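Please read these numbers as outputs of a predicted model, since none were measured by experiment.
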Amino acid sequence: MKKTLLMCAMLLGLQCATVGSAVSADLPGFQVKTCENGDPIAEKPGVLLDFIELRHARGFSKAVLKDLEGKSHALNGYKGKLVMVDVWATWCEPCIRSLPAIKKLQDRYNNDPKSDIQIVSVSVDRTVDEVKKFLKLHNIQGFDSLIDPQQLLGNDMPMDVVPSVFMVDGQGNLVGFVRGFVDWADDSVHGYLTALAKKYAKRDGDIVN
């Protein structure tokens with residue numbers, strides 16, 4: 001019996017844990033370690049020096065949020081992709097500077113059926129009208145965004161800084177983050193996102209080097 005229990009524990013240790021299990025249901029997602037990520041990617045561009053790649057993947061929000069047209073999207077519904085969750089607000093000055101570049105990332109990756117990268121923007125504003133008026137005012141046409149007026153993300157993630165970007169693996173686990181303004185228009189960003197996607201998008205529980 002002891003050998004059986006030990007073997008089960010070893011097997012479970014090799015795989016990413018299911019986020020939101022009964023054992024960890026009372027903890028915020030980022031406090032729950034799910035699996036090891038291995039060594040961080042060595043080559044990190046200067047514009048992302050503040051990006052932190054976690055040694056252990058952690059839980060991430062499973063909230064279901066609506067887009068600007070009222071359609072619901074589950075944050076853990078992008079299986080098999082590296083998901084870049086961009087959290088922003090209309091009242092945030094750095095967000096105004098970063099949104100055009102985020103829009104270009106959306107156009108590049110979200111419209112490519114072969115892409116292993118998905119860009120998901122989430123506004124923490126109170127109403128859809130606020131967001132739509134803001135995007136029109138700044139002439140940011142076709143920008144895709146979910147809206148989180150109740151800040152459900154805050155149940156699982158620290159939400160005291162916007163903009164913030166959270167990188168999520170193909171199983172819905174948090175693998176890295178950066179808080180504050182990033183120049184996403186820099187050409188070096190694409191190579192790093194591709195490296196992150198190669199490591200994390202298709203992971204099946206084992207570390208991908």
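Y78 is not listed as a side-chain neighbour of I117, based on a closest heavy-atom distance of 4.5 Å or more. Proximity of H190 to R108: side-chain heavy atoms (C-beta onward) are separated by under 4.5 Å at one or more points. No side-chain heavy atom of T194 sits less than 4.5 Å from a side-chain heavy atom of K198. No side-chain heavy atom of P28 sits under 4.5 Å from any side-chain heavy atom of M157. For the pair H138 and L99, the minimum side-chain heavy-atom distance is 4.5 Å or more. Counting only heavy atoms from C-beta outward, the side chains of V175 and E53 never approach each other to under 4.5 Å. The side-chain heavy atoms of R58 and V32, taken from C-beta on, include no pair separated by under 4.5 Å. Here the side chains of V178 and V165 are in contact, with some heavy-atom distance below 4.5 Å.
With sequence neighbours excluded, the residues that form a salt bridge (Lys or Arg N to Asp or Glu O under 4.0 Å) with D116 are K202. Residues passing the side-chain contact (heavy atoms from CB on, under 4.5 Å) test with R97 are P94, F181, sequence neighbours excluded. Under the salt bridge (Lys or Arg N to Asp or Glu O under 4.0 Å) criterion, R55 pairs with D39, not counting sequence neighbours.
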Problem set entry | Trace of the side chain to side chain contact (heavy atoms under 4.5 Å, CB included) decision for L82 with Q118 | CA-CA 6 Å; L82 173 79; Q118 183 77 21; over 6 Å; no

Exercise. Between M84 and I102, does a side chain to side chain contact (heavy atoms under 4.5 Å, CB included) hold up when you go through it step by step?
Worked result: CA-CA 10 Å; M84 174 177 153; I102 297 292; 3.6 Å; yes

Exercise. For D129 and K133, what are the C-alpha separation, side-chain angles and deciding distance, and is it a salt bridge (Lys or Arg N to Asp or Glu O under 4.0 Å)?
Worked result: CA-CA 6 Å; D129 284 344; K133 289 178 181 178; 5.8 Å; no

For this session: Test F177 against L54 for side chain to side chain contact (heavy atoms under 4.5 Å, CB included), laying out the working first.
Result: CA-CA 8 Å; F177 65 92; L54 300 171; 3.9 Å; yes

For this session: May I have the step-by-step check of side chain to side chain donor-acceptor pair (under 3.5 Å) for Q150 and D148, ending in yes or no?
Result: CA-CA 6 Å; Q150 297 177 320; D148 185 12; over 6 Å; no

Problem set entry | Check against side chain to side chain contact (heavy atoms under 4.5 Å, CB included), V85 and V122 | CA-CA 7 Å; V85 181; V122 179; 4.1 Å; yes

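Summarising the geometry of S72 relative to K66, their closest heavy-atom pair is OG-CG, 3.8 Å, with the distance given to 0.1 Å. Of all heavy-atom pairs between V162 and C92, the closest is O-SG, 3.4 Å. In terms of heavy-atom proximity, K103 sits nearest to G142 at CE-O, 3.1 Å.
Screening residues 151-160 for side-chain hydrogen bond (donor to acceptor under 3.5 Å, both in side chains), with sequence neighbours left out, gives D160-R179. Under the ring pair (Phe, Tyr, Trp, His ring centres under 6.0 Å) criterion, the residue pairs touching residues 142-170 are F60-F166, W88-F143, with sequence neighbours excluded. Listed by first and then second residue, the salt bridge (Lys or Arg N to Asp or Glu O under 4.0 Å) pairs that reach into residues 80-93 come to none, sequence neighbours excluded.
Within a 6.0 Å sphere centred on CD of Q31, heavy atoms belonging to other residues, nucleotides or ligands number more than 12. Around the NZ atom of K79, the shell of radius 6.0 Å holds more than 12 heavy atoms that belong to other residues, nucleotides or ligands. Within 6.0 Å of CG in D187 there are 12 or fewer heavy atoms belonging to other residues, nucleotides or ligands.
Annotation: the span from K62 atom NZ to L75 atom CG amounts to 11.5 Å, rounded to 0.5 Å. Atom OG of S123 is separated from atom CG of L146 by 9.5 Å, given to the nearest 0.5 angstrom. Of the inter-residue distances, the one linking T90 atom OG1 with L135 atom CG reads 9.0 Å to the nearest 0.5 angstrom. M159 contributes atom CE, which lies 7.0 Å from atom OG of S164 (distance to the nearest 0.5 angstrom). Atom NZ of residue K132 and atom OG of residue S145 lie 11.5 Å apart, to the nearest 0.5 angstrom. Taken to the nearest 0.5 Å, the OH atom of Y109 stands 12.5 Å off from the CG atom of N111.
Between the side chains of H56 and N37, not a single donor N or O lies within less than 3.5 Å of an accepting N or O.
Under the 6.0 Å cut-off for aromatic ring centres, F51 and Y192 qualify, their centroids lying closer than that.
Clustering ILVMFWY residues whenever any of their side-chain heavy atoms sit less than 4.5 angstrom apart, transitively, puts I52 in the very cluster that holds L153.
Proximity of a side-chain donor or acceptor of Q106 to a complementary backbone N or O of D144 within less than 3.5 Å is detected. Using a distance-only test at 3.5 Å, with no hydrogens or angles considered, no donor-acceptor pair links the side chain of D125 to the main chain of T127.
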